[in-house]
Asker: 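So that we are looking at the same thing, I have put the structure below in structure tokens.
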Amino acid sequence: MAPSFDWWGKDAHRGTSVIVKMENPNWSISEISSPDDDDEDYGVGGGGQGEFAGGGARKGGRGKNAKQITWVLLLKAHRAAGCLTSLASAAVGLASAVRRRVASGRTDSDAASSPPEESPVLRTRFYSCIKVFLWLSLLLLGFEVAAYAKGWHLGAAELQRLVLLPSSFGVRGLFESRYSDWVRIRVEYIAPPLQFLADACVILFLIQSADRLILCLGCFWIRYKNIKPVPKQAIESESKDLESGGEDFLMVLVQIPMCNEKEQSIAAVCNLDWPRSNILVQVLDDSDDATTQALIKEEVEKWQQNGAHILYRHRVIRQGYKAGNLKSAMNCSYVKDYEFVAIFDADFQPAPDFLKRTIPHFKNNEELGLVQARWSFVNKDENLLTRLQNINLCFHFEVEQQVNGVFLNFFGFNGTAGVWRIKALEDAGGWLERTTVEDMDIAVRAHLKGWKFIFLNDVECQCELPESYEAYRKQQHRWHSGPMQLFRLCLPDIIRSKIGFWKKSNLIFLFFLLRKLILPFYSFTLFCIILPMTMFVPEAELPAWIVCYIPATMSFLNILPAPRSFPFIVPYLLFENTMSVTKFNAMISGLFQLGSAYEWVDTKKSGRSSEGDLYSLVEKEPQQQRGASAPDLEAVVELEPQPKKSKKKHNRIYRKELALAFLLLTASARSLLSAQGIHFYFLLFQGISFLLVGLDLIGEQIE
């Protein structure tokens, strides 16, 4: 007899008892009658077979089983109703946000959100082109719906007959004649060039996908072989302790460039575990806000009183933006006493052992010019936008930067959380103000001079991600227009340089053309223009594996370095295609030197502190330093002149994304007439993605 457990007991309950049979893996919950029932037979169901152990089935057994099933169904219905209620509440909230957004009337064309140096003509040219496609698609959709209503379910053979013999379809009226003319025009004149452009984009897509696959294989190989950069000093003498003598601590200059930002990095930098006699911190403040200047200055003074070797520098004229700020600081006379310079943006908070894990790589390695650390993010789970950014940046650091660092000793400097050999900076020509990507500029010029780079994937520096779509959009515009500016300027130098042929090829074809130009070009052209057009010109085709399977595979590879983000793989795929409009616009601006290519807007962040770093600092620093970050607000109020009024943040409507949303939704409606399942679903969800982004519903929501 299988062991059983009576959960309620015979005498304690006047109802239905439950027995669980534990021996048989196909166990079931069965019912026994209560002692007061008329029939004393016990119905026991074993193994899900529904047999009775007693002399016959109890008369009321079936009724009670039916009641139990009814209660289970009611419970499931209650849960389903709760889900529907949550969905309805979310839909109401979404509709309310959309209504507020539309009622406010704030768009990306407002003066407050557009760069002052960009002319209105340049700003609206791209948007006008998208509007033309949208209105044309609406016209063609009406045309196709009318033809479909007349019963013209046209395949390839029928189209040829309609072009050659329109009378065989009964084409006699004005509409029929015009439709046959339209079919003839698209078959003979529109479909061939559109198919050629589609095939060219497919080839570029496959090349870029192969590059992405090779990078992933390189990352797998690094993990499999456990390849990590090891300081030469550790190889030559493993027994030598880095902390044994003062001569092991080299002279390090630390720079913190900032502009109207919170002073989050000062405390973390001043707590770096490095002898204070061997380190100097420069706070390079370009702020034009009096309150921000006062807070930063006060923070510096408090750390000076605590013994930190730290200086405050402020430029009245912000010429050259970040590059100009760093260039000005490097011209100070005392810089010649230092051999290395570490750079941290205002929101970056290095761990206390940052220098001890990066500087040793320079020892006995005179060819090494840069050591770059990985970024980690304190607000990666703040909203959907930060989660999607985290996927992208995890792939960038763990795959792109690590693979290029291990196999090529070259990658783009990320502008912060890195340590440069000052001799390498000077040899490359120093900081230049010619582009908005001064970090990539100095890295390329140093590479052309023969300097090598190392990326440390296990050394992390915490920072923030932009939480609003407006801030992220401006950041991406700068990151994708700058490389094209730099490519125009650096191409002659790359060709004339003395580096090897393969290094030149890598710089020109992979680093610049494939990853900075081709990627945004085909992403926007193929999925946002050509795919919708093929719905209205069915003679030009895009196979399903291009629309669905290859993008899904690439998204799967991209998300591997962030495995916790797998539930967001579909939103990530759609969002990347949505961002292609911004990246394509930025790429064209940089390539042809349009006005928006020279836009420099500081990425606005929320100023969140790293809880882990703050906790470690509180444990480590002396009692008198714990209040070092508390500003003296009374002193700030007395400052003259009065600070500027800060601009209030708003959610906006983005016209390009909204126009593309309606274009894709129109194309999805047209695909229903052709019964193209995968194309319909892709266009539908991609259109919804553009709609959500166009209404600024993906990032930080400001009430």
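Residue numbers run from 1 in the order of the sequence given.
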Asker: Measure from the side-chain N and O atoms of Ser328 to the backbone N and O of Gly324, and report whether any donor-acceptor pair falls under 3.5 Å.
Answerer: no
Asker: Is there a donor-acceptor pair under 3.5 Å between the side chain of Gln372 and the backbone N or O of Thr416?
Answerer: yes
Asker: What's the verdict on side chain to side chain contact (heavy atoms under 4.5 Å, CB included) for Ile256 and Val281, showing C-alpha distance, side-chain angles and the deciding distance?
Answerer: CA-CA 8 Å; Ile256 308 176; Val281 180; 4.0 Å; yes
Asker: Are any non-hydrogen side-chain atoms of Ile454 and Leu368 less than 4.5 angstrom apart?
Answerer: yes
Asker: Using salt bridge (Lys or Arg N to Asp or Glu O under 4.0 Å) as the criterion, list what pairs up with Lys452, not counting sequence neighbours.
Answerer: Glu367
Asker: Under 6.0 Å between the ring centres of Phe344 and Phe354?
Answerer: yes
Asker: Pick from Asp439, Asp286, Asp345: which one makes a salt bridge (Lys or Arg N to Asp or Glu O under 4.0 Å) with Lys322?
Answerer: Asp345
Asker: Pick from Thr386, Asn383, Val378, Leu385: which one makes a side-chain contact (heavy atoms from CB on, under 4.5 Å) with Leu465?
Answerer: Thr386
Asker: Give a yes or no on whether the backbone of Cys461 and the side-chain of Gln349 come within a donor-acceptor separation of less than 3.5 Å.
Answerer: no
Asker: For residues 423-450, which residue pairs pass the ring-ring contact (aromatic ring centres under 6.0 Å, His included) check, not counting sequence neighbours?
Answerer: Phe410-His447
Asker: Could you tell me which non-hydrogen atom of Leu280 sits nearest to which non-hydrogen atom of Ile310, and how far apart they are?
Answerer: CD1-N, 4.4 Å
Asker: Checking the side chain of Asp696 only, and the main-chain atoms of Arg652 only, is there a donor and an acceptor separated by less than 3.5 Å?
Answerer: yes
Asker: Taking only residues two or more places apart in sequence or in another chain, which ones pass side chain to side chain donor-acceptor pair (under 3.5 Å) with Ser287?
Answerer: Asp285
Asker: Rounded to the nearest 0.5 Å, what separates atom OG in Ser376 from atom NZ in Lys380?
Answerer: 7.5 Å
Asker: Just grab all the side chain to side chain donor-acceptor pair (under 3.5 Å) pairs involving residues 395-407, residues at least two apart or on different chains.
Answerer: Arg223-Glu398, Arg374-Glu398, His396-Glu400, His396-Asn414, Gln401-Asn414
Asker: Can you check whether Tyr654 and Tyr469 have ring centres sitting under 6.0 Å from each other?
Answerer: yes
Asker: Under a 4.0 Å N-O cut-off, is there an ion pair linking Asp273 with Lys356?
Answerer: yes
Asker: Strictly below 4.0 Å, N to O, side chains only: are Asp441 and Arg434 in salt-bridge contact?
Answerer: yes
Asker: Could you give the side-chain donor-acceptor pairs of residues 330-343 under 3.5 Å, partners two or more places apart or in another chain?
Answerer:
from   : atom 1 : to     : atom 2 : distance (Å)
Asn331 : ND2    : Lys327 : O      : 3.2
Tyr334 : OH     : Gln282 : NE2    : 2.8
Lys336 : NZ     : Ser333 : O      : 3.1

Asker: What pairs with Asn390 under side chain to side chain donor-acceptor pair (under 3.5 Å), at least two apart in sequence or on another chain?
Answerer: none
Asker: Return the set of residues passing side-chain contact (heavy atoms from CB on, under 4.5 Å) with Glu301 (not counting sequence neighbours), or none when no residue passes.
Answerer: Lys297, Gln304
Asker: Apply ring-ring contact (aromatic ring centres under 6.0 Å, His included) to Phe397 and list each qualifying residue two or more places apart in sequence or on a separate chain.
Answerer: Trp375
Asker: Is any side-chain N of the basic residue among Glu576 and Lys583 closer than 4.0 Å to the acidic one's carboxylate O?
Answerer: yes
Asker: Heavy-atom count around Lys504 NZ within 6.0 Å, excluding the residue itself: above 12?
Answerer: yes
Asker: Would you please name every residue forming a ring-ring contact (aromatic ring centres under 6.0 Å, His included) with Phe512, sequence neighbours left out?
Answerer: Phe487
Asker: List the residues meeting side-chain contact (heavy atoms from CB on, under 4.5 Å) with Lys225, not counting sequence neighbours, and say none if there are none.
Answerer: Trp221, Ile227
Asker: Quick one: salt bridge (Lys or Arg N to Asp or Glu O under 4.0 Å) partners of Asp427, sequence neighbours excluded?
Answerer: none
Asker: Could you work out, with side-chain contact (heavy atoms from CB on, under 4.5 Å) as the rule, every residue matching Ala424, not counting sequence neighbours?
Answerer: Trp420, Arg421, Trp451
